[in-house]
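Okay, so here's the structure we're looking at.
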Amino acid sequence: MVKHISDSVKYIGVDDLGLDLFESQYVVPEGMAYNSYVILDEKVAVMDTVDARCGGDWKAQLAEALAGRRPDYLVVHHMEPDHSGLVAEAMETYPGMTLVATAKALQMLVQFTGQAFAGRTLAVKEGDTLPLGAHTLRFLMAPMVHWPEVMVSFEEKERILFAADAFGKFGALSKCGFFGEEDDDWACEARRYYFNICGKYGQPVQALLKKVLPLAPAVIAPLHGPILRKDLETYLNLYNTWSSYGVETEGVFIAYASIHGGTAEVAEKLAEILKAKGCPKVAMADLTRDDQAEAVEDAFRYGKMAVLAASYDAGLFTPAYSFLHTLQMKAYQQRRVALVENGSWAPSAGRVMKEMFAAMKAVEVVEPLVTIRSRMKAEDIPALEALADALLA
Ligand SMILES: Cc1cc2nc3c(=O)[nH]c(=O)nc-3n(C[C@H](O)[C@H](O)[C@H](O)COP(=O)(O)O)c2cc1C
Ligand SMILES: [Fe+2]
Ligand SMILES: [Fe+2]
């Protein structure tokens with residue numbers, strides 16, 4: 001059903017409740033929303049399409065919102081298929097419609113659809129405006145706020161920021177609420193989404209925030225997740241912290257990868273020691289079983305991290321390897337990290353972890369590296385105490 005954001009701005013996005021993995025990698029227990037909007041003025045602008053998986057719903061809602069009118073523009077903020085899945089079909093359905101996007105997006109359009117829609121496209125640059133009547137869209141380039149061709153747009157009359165993937169969140173709107181204020185834990189799934197999807201691109205997100213803040217948007221309309229229109233400062237502040245790799249929550253995140261339970265036992269002990277030493281918050285993840293994307297989120301959320309892992313084939317047990325590799329891909333940085341390795345004949349996990357963290361920016365691995373031989377013994381406790389002290393120092 002079409003939803004009203006205002007008299008002129010309608011929501012025509014869709015909920016995808018049958019998706020197994022978003023981007024073939026992220027679990028979405030609450031489904032996923034692909035947002036799309038229509039602005040009705042003297043000219044009619046459609047803001048993005050949705051994933052082709054949900055084409056039927058989107059087309060029906062578009063028709064309902066248009067109520068017999070024909071769209072003049074299709075604004076494409078991002079060419080990734082979760083948003084551009086219906087672009088070619090919409091262009092065919094509405095021959096009078098002009099596609100508005102960045103020059104790079106227009107190149108990608110040909111790659112994805114095999115069609116250039118020559119004579120029917122308008123390439124826009126930083127600061128270009130598109131008058132629709134009483135409403136005017138102003139385009140702001142947002143390269144690498146996920147992909148290089150991304151832009152956002154700001155509607156000047158109602159001060160709506162069409163934010164593309166920025167300020168997005170996992171979860172269908174029927175589950176997590178249409179407006180942000182109905183969502184009592186927006187940050188939880190927004191943070192998992194941000195760090196896994198945009199984590200590597202902190203600087204581009206910072207650049208976008210610098211352009212957006214002076215505009216003082218009244219509404220943020222992202223391509224995923226609820227429409228935000230209250231307490232925008234909270235969301236903007238979180239995005240500032242996240243994109244500057246700042247600490248959101250003081251505390252230690254303990255991530256462990258154990259084969260036979262010995263390392264898991266050490267992780268529990270380390271948590272106990274940290275709490276006893278007054279650590280404000282200790283969060284923990286079993287890298288062999290828990291959602292890795294959630295672990296990535298927590299690595300960025302907390303100020304400090306401890307990684308404990310079994311040695312494996314003269315290297316590092318693969319769930320820990322995958323986790324650290326992902327952190328490296330996502331530009332994990334500016335953190336203190338404590339390491340514990342476990343091994344039964346030639347412990348090797350610590351060496352690999354040190355090498356991996358050395359390749360990351362401004363990650364300090366604190367001493368001592370604690371080595372456990374198969375199972376934790378009473379004589380290992382002082383080393384764990386020393387490690388906790390070093391991490392909290
Ligand atoms: C497939 C496999 C490969 C292993 N490779 C090594 C190794 O290269 N060096 C080593 O010291 N221990 C190695 N181990 C032994 C474990 O690292 C060791 O038993 C450790 O104590 C396991 O901790 P956990 O109880 O947390 O699983 C390996 C174990 C398995 C199952
Ligand atoms: Fe994207
Ligand atoms: Fe997206």
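Whatever order the structure lists ligands and atoms in, that order sets their numbers, starting from 1.
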Check Lys125 with Asp128, please: is the shortest side-chain N to carboxylate O separation under 4.0 Å? yes
Under 2.8 Å from the Fe ion (ligand 3) - protein N/O/S, by chain and number: Asp82 OD2, His83 NE2, Asp165 OD1, His224 NE2
How far is atom 30 (C) of ligand 1 from its nearest protein heavy atom, and which residue and atom name does that atom have? Ile259 CD1, 4.0 Å
Is it the case that ligand 1 has an N or O less than 3.5 angstrom from some N or O of Ala310? no
Ligand-residue contact atoms, ligand 1 with Ser374, heavy atoms, under 4.0 Å: 21 (O)
Show which atoms of ligand 1 fall inside a sub-4.0 Å distance from at least one heavy-atom site of Ala314. 7 (C), 8 (O)
I need the atoms of ligand 1 closer than 4.0 Å to a non-hydrogen atom of Asp313, numbered in the order shown. 1 (C), 3 (C), 4 (C), 5 (N), 6 (C), 7 (C), 8 (O)
Salt bridge or not between Glu272 and Lys275? Use side-chain N to carboxylate O under 4.0 Å. no
Among Glu89, Glu92, Glu64, find the one that has a salt bridge (Lys or Arg N to Asp or Glu O under 4.0 Å) with Lys59. Glu89
the protein heavy atom lying closest to atom 25 (O) of ligand 1 turns out to be Gly262 N, 2.7 Å
Indicate yes or no: at least one non-hydrogen side-chain atom of Thr49 is less than 4.5 angstrom from one of Leu74. yes
Numbered atoms of ligand 1 (with element) below 4.0 Å of Asn342, judged on heavy atoms: 17 (O), 20 (C), 21 (O), 23 (O), 24 (P), 26 (O)
Within ligand 1, which atoms have a heavy atom of Pro347 less than 4.0 Å away? 11 (O)
Going by the closest heavy atom to atom 11 (O) of ligand 1, which one wins out of Gly261, Ser348, Ala346? Ala346
May I ask you to check whether Arg375 has an N/O atom sitting below 3.5 Å from an N/O atom of ligand 1? no
May I ask you to identify the nearest protein heavy atom to atom 16 (C) of ligand 1, giving residue, atom name and distance to one decimal place in Å? Ser311 O, 3.6 Å
Suppose we measure from atom 1 (C) of ligand 1 to each protein heavy atom; which comes out shortest, and what is that distance? Tyr312 CE1, 3.5 Å
Under 3.5 Å, is there a donor on one side chain and an acceptor on the other for Gln292 and Thr326? yes
Tell me, please, whether Phe300 has Arg191 positioned over its six-membered ring: NZ or CZ under 6.0 Å from the ring centre and within 45 degrees of its axis? no
Go through Lys169 and Asp183 one step at a time and tell me if the salt bridge (Lys or Arg N to Asp or Glu O under 4.0 Å) criterion holds. CA-CA 11 Å; Lys169 177 183 177 294; Asp183 189 359; 3.5 Å; yes
Using ring centroids (six-membered ring only for Trp), state whether Tyr193 and His224 fall under 6.0 Å. yes
Classify the ring geometry between Trp242 and Tyr239 as parallel (under 30°), tilted (30 to 60°) or perpendicular (over 60°). tilted
To the nearest 0.5 Å, what is the distance between CZ on Arg335 and OH on Tyr245? 10.0 Å
Around atom 12 (N) of ligand 1, find the nearest protein heavy atom and jot down its residue, atom name and distance. Ser344 N, 3.3 Å
Could you tell me if His77 and Asp165 have a donor-acceptor pair between their side chains, going purely by distance under 3.5 Å? no
Provide, to 0.1 Å, the distance between atom 15 (C) of ligand 1 and the closest protein heavy atom, together with that atom's residue and name. Trp345 CZ3, 3.7 Å
Number the atoms of ligand 1 from 1 as they appear, then name those within less than 4.0 Å of a heavy atom of Thr263, with their elements. 23 (O), 24 (P), 25 (O), 26 (O)
Indicate yes or no: at least one non-hydrogen side-chain atom of Leu173 is less than 4.5 angstrom from one of Asn35. yes
Look at the aromatic rings of Trp147 and His78 and report parallel, tilted or perpendicular, splitting at 30° and 60°. perpendicular
